[in-house]
Amino acid sequence: MSEYHDKRAKEILDTIIYATLATVSENGEPWNSPVRFTKDAELNIYWASDKESQHSKNVRANGQVFIVIYDSTVPEGKGEGVYLRAKAVEISDPDAVLNYMKLKKGDGDYDPNDFLGEAVRRIYKAVPEQAWMNDDEIKDSKFIKDIRVEIQKNKL
């Protein structure tokens with residue numbers, strides 16, 4: 001880990017709004033989905049999705065997820081991303097739904113039933129267990145290989 005990686009990971013998490021969410025189905029099939037996410041101060045990742053989407057079903061069946069938040073706005077060869085291994089759950093508590101809405105949109109008059117009961121969409125929360133950034137190994141000005149640098153969650 002390095003001060004650069006800690007700082008850059010925080011920048012990516014604070015500016016990029018889309019993540020790739022990797023899940024696994026009950027029968028072991030991999031599934032990747034782009035999601036618009038919001039994070040809280042503890043680095044928990046939240047998103048809203050159709051409860052019948054494949055990744056939502058996968059989260060309910062097996063909460064293990066892998067999330068990549070990648071800065072694709074930089075020139076070719078300069079891209080950097082944050083990788084999170086996490087445990088995800090569907091939020092069913094009305095107060096937690098309201099907290100998500102306030103986190104995403106600020107104070108307001110929100111109805112948690114927009115994401116509960118018969119509603120089509122649900123809120124999901126991923127609690128990171130481990131975090132990395134990508135980097136590369138260079139020797140004599142030549143690319144050798146891609147590497148991951150572990151990031152401490154408390155630095156983000």
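For reference, positions follow the sequence shown, starting with 1. These numbers come from a predicted model, not from an experiment.
In terms of heavy-atom proximity, K39 sits nearest to L13 at CE-O, 3.5 Å. The shortest heavy-atom contact between A19 and I67 is CB-CG2, 3.7 Å. Summarising the geometry of S33 relative to H55, their closest heavy-atom pair is OG-ND1, 3.1 Å, with the distance given to 0.1 Å. Closest approach of A96 and I91 over heavy atoms only: CB-CG2, 3.4 Å. Of all non-hydrogen atoms in Q54 and S25, the two that sit nearest each other are NE2-CB, 4.1 Å. Scanning both residues, I151 and M133, for their nearest heavy atoms gives CG1-N, 3.9 Å.
Interatomic distance, I16 CD1 to R36 CZ, rounded to the nearest 0.5 Å: 11.0 Å. A distance of 5.5 Å separates CZ in R122 from CD in E90, rounded to the nearest 0.5 Å. Note that NZ of K7 is 11.5 Å distant from OG of S2, once rounded to the nearest 0.5 Å. Separating the CG atom in L116 from the NZ atom in K51 is a distance of 10.0 Å, to the nearest 0.5 Å. We find the NZ-OG1 distance between K104 and T38 to be 5.5 Å, quoted to the nearest 0.5 Å.
For the side chain to side chain contact (heavy atoms under 4.5 Å, CB included) test with P112, the passing option among L98, N99, I123 is L98; the others fail.
Enclosure of atom CG in N27 by more than 12 non-hydrogen atoms of other residues, nucleotides or ligands within 6.0 angstrom is indicated. Within a 6.0 Å sphere centred on NZ of K102, other residues, nucleotides and ligands contribute 12 heavy atoms or fewer. The local environment of CD in E52 is crowded, with over 12 non-hydrogen atoms from other residues, nucleotides or ligands closer than 6.0 Å.
Among residues two or more places apart in sequence or in another chain, the side-chain contact (heavy atoms from CB on, under 4.5 Å) test is passed with D111 by N113, D114.
Contact check for N44 versus P128: side-chain heavy atoms found under the 4.5 Å cut-off. Contact annotation: the side chain of L84 approaches that of I45 to within less than 4.5 Å [non-hydrogen atoms, C-beta and beyond].
Sorted by first and then second residue, the ring pair (Phe, Tyr, Trp, His ring centres under 6.0 Å) pairs with a member in residues 83-127 read W47-Y124; sequence neighbours excluded. Sorted pairs that involve residues 17-44 and meet ring pair (Phe, Tyr, Trp, His ring centres under 6.0 Å), not counting sequence neighbours, are lacking altogether.
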Chi angles and distances behind the side chain to side chain contact (heavy atoms under 4.5 Å, CB included) call for T20, Y70: CA-CA 8 Å; T20 301; Y70 195 78; over 6 Å; no
Between V59 and V89, does the side chain to side chain contact (heavy atoms under 4.5 Å, CB included) criterion hold? Intermediate values first, please. CA-CA 6 Å; V59 165; V89 296; 5.6 Å; no
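In this structure, D14 pairs ionically with K10, as a charged nitrogen and a carboxylate oxygen lie closer than 4.0 Å. R8 and D71 are joined by a salt bridge, as a carboxylate oxygen and a charged side-chain nitrogen come within less than 4.0 angstrom of each other.
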